[in-house]
Amino acid sequence: MELRNLPGLLLFSVLILGSTLLSTSEKPVGYEVYEGKEQITTNTPVRITPLRHPEKVDSVLALMTLEEKVGQLNLLSSGFAETGPTLSEEYREMIGEAKLGGVFNAHTVEHTLDLQRIAVEETRLGIPLLFAFDVIHGHRTIFPVPLAEASTWDPDLIKKASRIAAKESAAAGLHWTFTPMLDVSPDPRWGRIVESSGEDPLLNKRFGVARIEGFQGDDLYELDTIMATAKHFAAYGAAEAGRDYNTVDISERTLREIHLPAFKAAVDADVRTFMTAFNEYDGVPATGSDYLFNKILRDDWGFDGFVITDYTAIMEMIPHGYARDEAHAGELALNANVDMDMMSNIFLNELPGLVESGRVSEEQVDMAVSRILDMKFELGLFDDPYRYSDYDREAETIMRQDFLDFALEVAEKSIVLLKNENNLLPLSDSAKNIAIIGPLGDNQYDVMGSWSAAGESSDNVSLLAGLRNAVPEGTNIQFSEGVPLSLDDHSADGIDEAVNLAAESDVVILALGEGRHMSGEAASRTTLNLPGAQQDLLEAVHATGTPVVMVLMAGRPLDINWANENVGAIVNAFYLGTRTGDAIASVLYGNHNPSGKLTFSWPYTVGQIPNVYYQKKTGRPIDPDQRYTSKFIDAPNDPLFPFGYGLSYTSFDYSNLTLSETEISRDGHLTISVDVTNSGDFAGHEIVQLYTRKMVASVTQPVRLLRDFEKIFLEPGETKTVEFTLNASQLTYLDQQLNPVLEPGIVKVFVGPNVSETMENELEIIQ
Ligand code: BGC
């Protein structure tokens with residue numbers, strides 16, 4: 001960068017930062033501009049956060065040189081070889097020179113023991129390393145992807161799945177996972193919707209906390225618990241156009257009402273680490289954001305764990321146009337109380353010079369180091385650096401039978417039945433010739449979905465294998481791939497074979513969808529079409545007249561309007577992990593009655609996005625007969641399937657929606673009850689959902705907001721009364737000054753099986 005351009009850029013940064021800060025704190029912090037000089041200095045006060053093991057931490061800190069301290073703030077990645085994770089010679093030398101505080105993507109007892117030995121035996125102080133990994137939905141036993149797990153609407157189940165993942169990963173020598181992703185995902189073009197709990201802030205909060213509790217357990221010292229990470233702070237899911245890493249430009253109201261609640265809940269649940277986001281918020285890259293990290297996370301919420309950057313995110317403040325160079329980027333991040341640098345080596349290389357020049361204080365470095373050492377004490381690594389790496393425990397724990405059994409239960413409960421015309425499902429035993437068609441029909445790799453940690457394809461049960469195990473004797477199953485699983489390969493050569501097979505079969509199970517790398521990080525799409533030639537395959541197979549059950553596997557909702565109009569049954573399976581085929585077979589044959597419900601609005605067309613259910617009404621609500629109302633002229637406003645939607649093999653009737661009070665004060669509460677009856681022939685689960693709308697407020701309110709839910713199990717003919725306790729405090733919203741309020745007035749209450757099919761009643765908030 002040319003020096004003469006600097007003052008303008010600096011002034012620009014100052015203006016942007018200043019405007020953010022002025023609205024939220026008394027005076028700007030972080031920068032002082034000296035007129036006539038090309039210099040900004042940092043004067044952000046160090047946030048002193050409490051430590052859990054202060055004396056122990058101080059005793060280590062007192063021995064450390066500045067170089068050893070900055071080494072603790074550095075995290076680098078292991079590589080991978082055919083045989084498992086490996087570390088390059090260069091990184092091994094860095095461990096020996098005390099230039100790493102931890103290694104991620106390092107797992108297995110063998111590998112972690114090897115690296116820990118270098119840290120303990122070859123460095124002057126022998127400070128142990130932290131080992132981290134993206135254990136997102138299972139370590140070796142792979143559970144359904146987070147978006148699928150969310151469809152269970154069952155925090156206890158999610159917590160238990162996370163406990164199992166913690167047990168397996170801790171037994172593989174790990175101390176730390178980069179999960180849960182708490183980014184609310186209003187845009188399915190964004191590939192990382194697959195890692196999320198969907199579009200709703202309440203579900204995001206409940207399931208996020210369940211994951212944190214599952215991984216961290218009651219005591220981090222225990223050998224089957226590991227640290228969790230609340231990521232990515234903040235608003236990463238609001239990337240413009242759903243393009244990954246893109247600019248986020250949302251109001252502070254949306255930030256606070258939609259995107260922050262799960263992160264606040266994570267702090268309250270004692271999550272030990274936070275990860276920065278790649279994106280900017282209000283013109284400031286999150287990784288250097290005084291507002292997000294100093295003001296909100298440390299000052300307002302009192303977070304006392306440590307903050308890791310996302311992958312090279314400190315360095316990325318340079319291309320963002322926010323930091324001048326690496327030193328400046330390091331200064332901005334550390335002074336935002338971001339403690340550990342993932343992959344940039346910027347803290348390592350730049351902090352000693354920055355301390356010397358006074359641009360960061362050694363006290364700030366000490367605080368960052370202390371927070372990391374504190375966690376190393378918490379995990380017991382100073383008692384025994386090798387305590388997580390035990391060959392016997394690893395062998396006994398990985399892929400235990402009870403873990404595999406539970407993975408099946410979670411997979412079954414994650415499946416969402418979208419359509420079932422004329423009770424095509426469950427399949428009857430009279431279907432003797434079954435065709436499995438489609439690129440996901442006999443697939444063991446893609447079924448793991450995005451992030452599969454130590455998962456191995458050969459462990460996974462494909463749909464074909466699962467169905468073969470499940471069908472009644474005498475059933476003949478044949479498979480034809482039809483078309484490749486590809487976005488750009490449109491070869492249709494296999495369609496004829498697939499059509500011939502379909503024509504001679506009693507039923508077709510058509511397994512379509514995306515490959516696992518078509519969603520997840522850096523996998524944004526501009527359309528939601530079935531990739532490649534799959535739509536052609538679908539139409540050709542349907543034309544045979546053989547009944548078609550479409551099984552969709554993908555990390556996001558796809559455009560399935562044609563299928564919805566034409567095929568008899570649609571089973572949305574997302575990616576279900578190790579027990580994929582068993583779980584789908586169990587649903588297809590009715591051994592498990594599907595109960596999953598969508599945690600996002602399934603778009604009718606990509607042009608509707610974002611079409612979250614918590615929209616505002618507008619001044620011209622849709623009226624099909626009036627042109628000048630808020631609607632599309634070529635598509636409905638409504639999604640194809642609403643938030644909360646999912647079918648069962650039985651039917652549920654709702655009646656007697658009753659409120660214990662019709663008026664409540666602002667500190668009052670009431671009970672809302674509803675009777676739910678299983679009016680069909682199968683026993684099954686129903687997810688009963690409670691929504692509200694404040695009809696008039698000083699800030700307009702969404703047409704619905706989910707307030708609570710309950711999952712119940714009913715035998716045929718059984719009725720249960722579901723009761724929700726609603727505190728008035730749950731109904732607060734932010735006023736024009738962004739302070740929580742609850743103004744007097746009418747609140748409508750809606751209860752039902754999804755957001756669009758509800759019974760309603762109302763109450764009044766009184767002074
Ligand atoms: C992702 C993070 C992940 C990290 C480490 C990044 O690219 O955004 O979610 O934890 O890599 O693998």
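By convention here, the first residue in the shown sequence is residue 1. Numbering of ligands and ligand atoms starts at 1, following listing order. Predicted model, so just to flag it, every value in this text is computed and none were measured.
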For residues 97-105, which side-chain donor-acceptor pairs fall under 3.5 Å, sequence neighbours excluded?
from: E97; atom 1: OE1; to: K99; atom 2: NZ; distance (Å): 3.2
from: N105; atom 1: ND2; to: S77; atom 2: OG; distance (Å): 2.9

Kindly assign one of parallel, tilted or perpendicular to the pair H139 and F133, based on the angle between their ring planes and the thresholds 30° and 60°.
perpendicular
Regarding K160 and the six-membered ring of F406, is the cationic atom NZ or CZ under 6.0 Å from the ring centre and inside 45° of its axis?
yes
According to the side chain to side chain donor-acceptor pair (under 3.5 Å) rule, which pairs have a member within residues 186-195, sequence neighbours left out?
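Applying side chain to side chain donor-acceptor pair (under 3.5 Å) to every pair that reaches into residues 186-195, excluding sequence neighbours, yields D187-R189, W190-D244, R192-E195, R192-Y236, E195-W451.
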Quick one: salt bridge (charged side-chain N to carboxylate O under 4.0 Å, His left out) partners of E67, sequence neighbours excluded?
none
Write out the protein residues near ligand 1, meaning a non-hydrogen atom under 4.0 Å from one of its atoms, in order of chain and number.
F104, D134, F178, R192, K231, H232, M275, F278, D310, Y311, M342, W451, E521
Criterion side chain to side chain contact (heavy atoms under 4.5 Å, CB included) against M227, the qualifying member of L174, L130, I212
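Exactly one candidate clears the test, L130.
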